[in-house]
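Residue indices begin at 1 and follow the sequence shown.
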Amino acid sequence: MRIFVTGATGFIGSAVVQELIHAGHQVLGLARSDAGAKSLAAAGAQVHRGALDDLESLRSGAAAADGVIHTAFIHDFTKYQESCEIERRAIQALGTALAGSDRPLIVTSGTALVQGRLATEEAPPATGPTALPRVASEEAAAEVAARGVLVSVVRLPPSVHGDGDHGFVPLLIGIAREKGAAAYVGDGLNRWPAVHRMDAAHLFRLALEKGSAGARYHGVADDGVPFRDIAGVIGRRLNVPVVSKTPEEATNHFGWFAHFAALDNPASSAQTQERLGWRPTQPGLVADLDRPSYFKA
């Protein structure tokens, strides 16, 4: 199959590209820069120039493929709402190109959209005033499904880790360096699910090859790592104190990230593993984090 991959040069998307190529698929990767195009070509993928907010480039890329894996997202959390609305329009554009065909669309979402209970594949995302703006991804998926698109959703946890990680865990390391302490909120027993990027990439391929339209899949290897354990590794590696913060103090310590630091989001992938035969094999979050490569200044 020829697969159009958005976010193909990103931390997760680049692993998806390698997974697909190694499995014998052709990859058409979205690239917005010359550097991105060069890295895709070096990886063995074909290059499709465009960007997440260039809707015509998304439609033409999807039209030229047998299926689409959408991993792109603008990770500017100072403009989070705006980034999520760009995501919504991107999924709608991809759906326009695929509507009425048998070509699958895999959309990326997050387990954090399921609030207040164990996040399972069957649980719908929270809506209303408490909903995270990223719910736009699943709302858009439902919209294009109603137009006849064979769409499924892969939910990823707050931490997708591994070499090259530039997500939430490196951000926590940076805050600990700056503040001189690795912190957690309250008792620190709030739980973060996690998955290694290579396990996540394998799941995207299985969802493409074996998945069902309308399904939600969970890329979760660690069901829930206590945030205090994450802070403990960071504190030990940086040789800084590991401290508890009240919710009020956490806002000053973590800034905009305080909400995520307090997030309790235990999640299961039991149904995903049963339906797709997905078995995570890479190191868990704590073992992966406890390596020098995460702490290179």
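Taking F260 as the reference, F168, F257 meet the ring pair (Phe, Tyr, Trp, His ring centres under 6.0 Å) condition, with sequence neighbours excluded. Considering only residues two or more places apart in sequence or on other chains, H75 meets the ring pair (Phe, Tyr, Trp, His ring centres under 6.0 Å) condition with F73. Remark: R32 pairs with A51 by the side-chain contact (heavy atoms from CB on, under 4.5 Å) rule, at least two apart or across chains. Qualifying ring pair (Phe, Tyr, Trp, His ring centres under 6.0 Å) partners for F4, counting only residues two or more places apart in sequence or in other chains: H48. Applying the side-chain contact (heavy atoms from CB on, under 4.5 Å) test to E56 and every residue at least two apart in sequence or in another chain returns D54, R59, S60. Listed by chain and number, the residues in a side-chain contact (heavy atoms from CB on, under 4.5 Å) with L238 are I173, A176, R177, I234, V240, F295 (sequence neighbours excluded). Residues satisfying the ring pair (Phe, Tyr, Trp, His ring centres under 6.0 Å) criterion with Y217, sequence neighbours excluded, are absent altogether. Considering only residues two or more places apart in sequence or on other chains, E248 meets the side chain to side chain donor-acceptor pair (under 3.5 Å) condition with T246.
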**Request:** Could you check L189 against R228 for side chain to side chain contact (heavy atoms under 4.5 Å, CB included), going step by step and ending with a plain yes or no?
**Result:** CA-CA 6 Å; L189 296 181; R228 187 168 64 185; 3.4 Å; yes

**Message:** Apply side-chain hydrogen bond (donor to acceptor under 3.5 Å, both in side chains) to residues Q282 and H161 and explain how you reach the verdict.
**Reply:** CA-CA 10 Å; Q282 300 295 323; H161 55 90; over 6 Å; no

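The distance from the CD1 atom of I12 to the OG1 atom of T108 is 7.0 Å, given to the nearest 0.5 Å. For the atom pair CG of L203 and CG of L276, the computed distance is 6.5 Å after rounding to the nearest 0.5 Å. Here the straight-line distance linking atom OG1 of T6 with atom CG of L52 works out to 6.5 Å at 0.5 Å rounding. Rounded to the nearest 0.5 angstrom, E121 CD and S152 OG are separated by 12.5 Å. Here CZ of R134 is found 12.5 Å from CD of E139. Values are rounded to the nearest 0.5 Å. With values rounded to the nearest 0.5 angstrom, L30 atom CG is found 8.5 Å from L40 atom CG.
A donor-acceptor pair is defined here as one N or O able to donate and one able to accept, closer than 3.5 Å; no such pair exists between the side chain of S212 and the backbone of A215. For S269 (side chain) and V220 (main-chain N/O), a donor-acceptor pair under 3.5 Å exists by modelled atom type. Although no hydrogens or angles enter the test, the distance criterion places no donor-acceptor pair under 3.5 Å between the side chain of D223 and the main chain of P193.
Residues T272 and H218 have side chains that never bring a donor and an acceptor to within less than 3.5 angstrom of each other. Under 3.5 Å, the side chains of E143 and Q92 contain a donor-acceptor pair of N or O atoms.
Within the structure, salt bridge (Lys or Arg N to Asp or Glu O under 4.0 Å) contacts touching residues 210-220 (residues at least two apart or in different chains) are E138-R216. Here salt bridge (Lys or Arg N to Asp or Glu O under 4.0 Å) pairs that include residues 189-208, with residues two or more places apart or in two chains, are E19-R205, R191-D264, R205-E209. Applying the salt bridge (Lys or Arg N to Asp or Glu O under 4.0 Å) test to every pair with at least one member in residues 233-242, sequence neighbours left out, gives these pairs: R236-D290, R237-D290. Evaluation of the salt bridge (Lys or Arg N to Asp or Glu O under 4.0 Å) test over residues 67-85, restricted to residues two or more places apart or in two chains, returns E85-R88.
Side-chain contact between I230 and L289 is present, with at least one heavy-atom pair separated by less than 4.5 Å. In this structure, V286 and D288 have side chains that are not in contact, with every pair of non-hydrogen atoms separated by 4.5 Å or more. Put simply, the side chain of H259 reaches to within 4.5 Å of the side chain of L132, judged on heavy atoms. Residues M1 and Q26 are not in side-chain contact: their nearest non-hydrogen atoms beyond the backbone lie 4.5 Å or more apart. Taking 4.5 Å as the limit, some side-chain heavy atom of I175 sits within range of a side-chain heavy atom of H253. The shortest side-chain heavy-atom distance between I69 and L20 falls under the 4.5 Å cut-off. The shortest side-chain heavy-atom distance between H196 and P283 falls under the 4.5 Å cut-off. Using a 4.5 Å heavy-atom cutoff, the side chains of N265 and P157 are not in contact.
For R2 against A65, the heavy-atom pair with the smallest separation is O-CB, 3.4 Å.
Taking hydrophobic clusters as Ile, Leu, Val, Met, Phe, Trp and Tyr residues chained together by side-chain heavy-atom distances below 4.5 Å, I91 does not share a cluster with V154.
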